[in-house]
Protein chains: 2
Amino acid sequence: MKNTPETLPNEQAQAARFQQARDARNAATAQDYVELISDLIATEGEARSVDVAKRLGVSHATVVKTVNRLQKEGLIITKPYRGLFLTDMGENLATESRHRHQVVANLLMALGVDEETAQTDAEGIEHHIGAKTLAAFELILKKLSEGEAS
Amino acid sequence: MKNTPETLPNEQAQAARFQQARDARNAATAQDYVELISDLIATEGEARSVDVAKRLGVSHATVVKTVNRLQKEGLIITKPYRGLFLTDMGENLATESRHRHQVVANLLMALGVDEETAQTDAEGIEHHIGAKTLAAFELILKKLSEGEAS
DNA sequence: TGTAAATTATAGCCAAGGCTGTAAAATAAA
DNA sequence: TTTATTTTACAGCCTTGGCTATAATTTACA
C-alpha cells in the first residue's frame with residue numbers, strides 16, 4: 001500500500017492548484033443557492049427561504065444571512081414575504097451550475113454509478129469541474145448517446 | 001438554454017446530499033495536509049511547515065494554526081525545528097487520500113483531459129468521491145488497462 | 001376583526017481558515 | 001562566538017458559514 005510519488009510537482013504549480021480548489025470551494029455556496037432557488041421557482045412557482053433552508057439542510061437564520069450577502073453581490077433579489085428571485089446574473093449562474101451538475105451526474109451514471117450516489121457525489125464534484133474537463137465529459141456523453149446501440 | 005427540472009428530489013434526500021458535500025469540504029483540509037506532508041517526507045526526506053505553506057499557497061501562520069488543530073486531532077506530530085510527522089492515523093489518511101487523488105486524476109486523463117487540468121481538477125474532486133464512485137472509477141481504469149491494445 | 005400560525009429578520013455566539021505583523025528560537029555563517 | 005538568516009510561534013484581525021434564541025411581520029383562519 002505504498003503509493004508515494006518519486007517527485008513532487010513544481011512548487012508554484014502545486015500552489016496554484018490548491019488555490020483553485022479553494023476558490024471553487026468559496027464559489028460553491030453561491031452556486032448552490034442560485035441553482036436551488038432557480039429549481040424551486042421552476043417547479044414550485046416560488047422560492048421561499050424556509051424551503052431553501054429545508055432543502056439545504058441548514059437553519060433559516062443561515063439562509064437569511066447568506067441570502068443577504070448574495071443580494072449584495074447582485075445574484076439574488078428578495079421581496080420580503082414574497083420569496084426569493086434571481087437577477088439575470090444569478091439566473092445565468094444557475095443555468096450554468098445546473099448544467100455542470102447534470103453533466104457530472106450523467107457521466108457518473110454512465111460509468112456505472114447508481115443514481116443516488118451520482119447525485120450525491122455530483123453535488124460536491126460539480127464545483128471543481130473546469131471548462132476543459134466539462135468539455136471532455138460532454139464529449140464522452142455525446143459519444144455514448146450516439147453509439148447507444150451497444 | 002432552459003434546463004430546469006420538472007420535479008425536485010425528496011426534501012430530506014436533497015438535504016442529506018448537501019450535508020455530505022459540506023462534510024467533505026470540512027474534511028478536505030486535513031486530507032490535503034496529511035497528503036502533502038506524506039509526499040514531502042517521501043520525496044524530500046522531511047516536511048517543514050515553510051514548505052507546506054509554499055506548496056499550499058498560504059501563509060506560514062495559517063499552516064501553524066492548522067497544524068496545531070490537526071495535531072490535537074491526532075493526525076500530525078510536530079517536532080519543532082525538526083519538521084512535521086504523521087501519526088499512524090495520519091499516514092493511513094494520507095495513503096487513502098493519495099490513492100483517491102491518483103484514481104481521479106488517472107480517470108480524467110483516460111477521459112481525454114490533459115495532465116495539468118486533470119491534476120488541478122482532481123485536487124478539488126477527490127474530496128467528494130465516495131466509496132462507490134471510487135470503485136466504479138477503479139473498475140473503468142482496470143478495464144482500460146487490460147484492453148490497452150486498442 | 002382578532003388571534004394563531006407561518007415566515008422572515010435580528011442578535012449574538014462559535015469554529016475554520018485566511019491574513020499581517022511581531023517576536024522568539026534555532027541554525028548557519030562570519 | 002557573535003551575528004545574520006531561517007524557521008517557527010503568537011497575537012490580533014477578517015470573512016464565511018454554521019448555530020440558537022428572540023423578535024417582528026405577514027398571512028390565514030376562526
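Note that the structure is predicted; figures quoted are calculated from it, not measured. Order of the sequence lines fixes the chain letters, A, B, ..., with proteins taken first and strands second; residue numbering starts at 1 for each chain.
At distances below 3.5 Å, at least one donor-acceptor pair connects side-chain atoms of A/Ser97 with backbone N or O atoms of A/Leu93. Between the side chain of A/Asp121 and the backbone N or O of B/Gly130, at least one donor-acceptor pair lies under 3.5 Å. Side-chain atoms of B/Thr133 do not come within 3.5 Å of backbone N or O of B/Ile129 as any donor-acceptor pair.
In this model, the phosphate group of C/dT27 is approached by a side-chain N or O of B/Arg82 to a distance below 4.0 Å at OP1 or OP2. The phosphate of D/dG17 has neither OP1 nor OP2 within less than 4.0 Å of any side-chain N or O from A/Thr62.
Residue contacts shown for B/Thr78 are absent, as no nucleic acid heavy atom lies under 4.0 Å away. Within 4.0 Å of A/Ser59, counting heavy atoms only, lies at least one base atom of the nucleic acid.
Summarising the geometry, the separation between CZ on B/Phe18 and P on D/dG18 is reported as 11 Å, rounded to the nearest angstrom. The distance from atom CD of A/Glu46 to atom P of D/dT26 is 16 Å, rounded to the nearest whole Å. The nearest whole Å value for the distance from the NE2 atom in A/His60 to the C1' atom in D/dA24 is 13 Å. The CG-P distance, from A/Asp51 to C/dA6, rounds to 13 Å in whole Å. Atom-to-atom, CG of A/Asn68 to P of C/dT8 comes out at 13 Å; the value is rounded to the nearest Å. Spacing between atom CG of B/Asn26 and atom P of C/dG18 amounts to 12 Å, rounded to whole angstrom units. Atom-to-atom, CZ of B/Arg22 to P of D/dG17 comes out at 11 Å; the value is rounded to the nearest Å. For A/Leu40 and C/dT7, the CG to C1' distance is 15 Å, given to the nearest whole Å.
Checked for salt-bridge contact, A/Glu116 and B/Arg17 meet the test: a charged N lies under 4.0 Å from a carboxylate O.
Where B/Lys65 and A/Lys54 each meet DNA chain C at their nearest nucleotide, the meeting point lying more 5' is that of A/Lys54. In this structure, B/Ala27 and A/Pro80 both approach DNA chain C, and ranking their closest nucleotides by distance from the 5' end singles out A/Pro80. A residue-by-residue look at A/Ala30 and B/Val50 shows that B/Val50 has its nearest nucleotide of DNA chain D further toward the 5' end. Nearer the 5' end of DNA chain D, as judged by each residue's closest nucleotide, is the contact made by B/Val64, out of B/Val64 and A/Arg25.
Between D/dA24, C/dA16, D/dT7, one nucleotide has an atom nearer to the side chain of B/Arg69 than all others, and that is C/dA16. When each of D/dT7, D/dA21, C/dG17 is scored by its nearest atom to the side-chain atoms of B/Tyr81, the top-ranked nucleotide is D/dT7.
Around atom CG of A/Asp88, no more than 12 heavy atoms belonging to other residues, nucleotides or ligands sit under 6.0 Å away.
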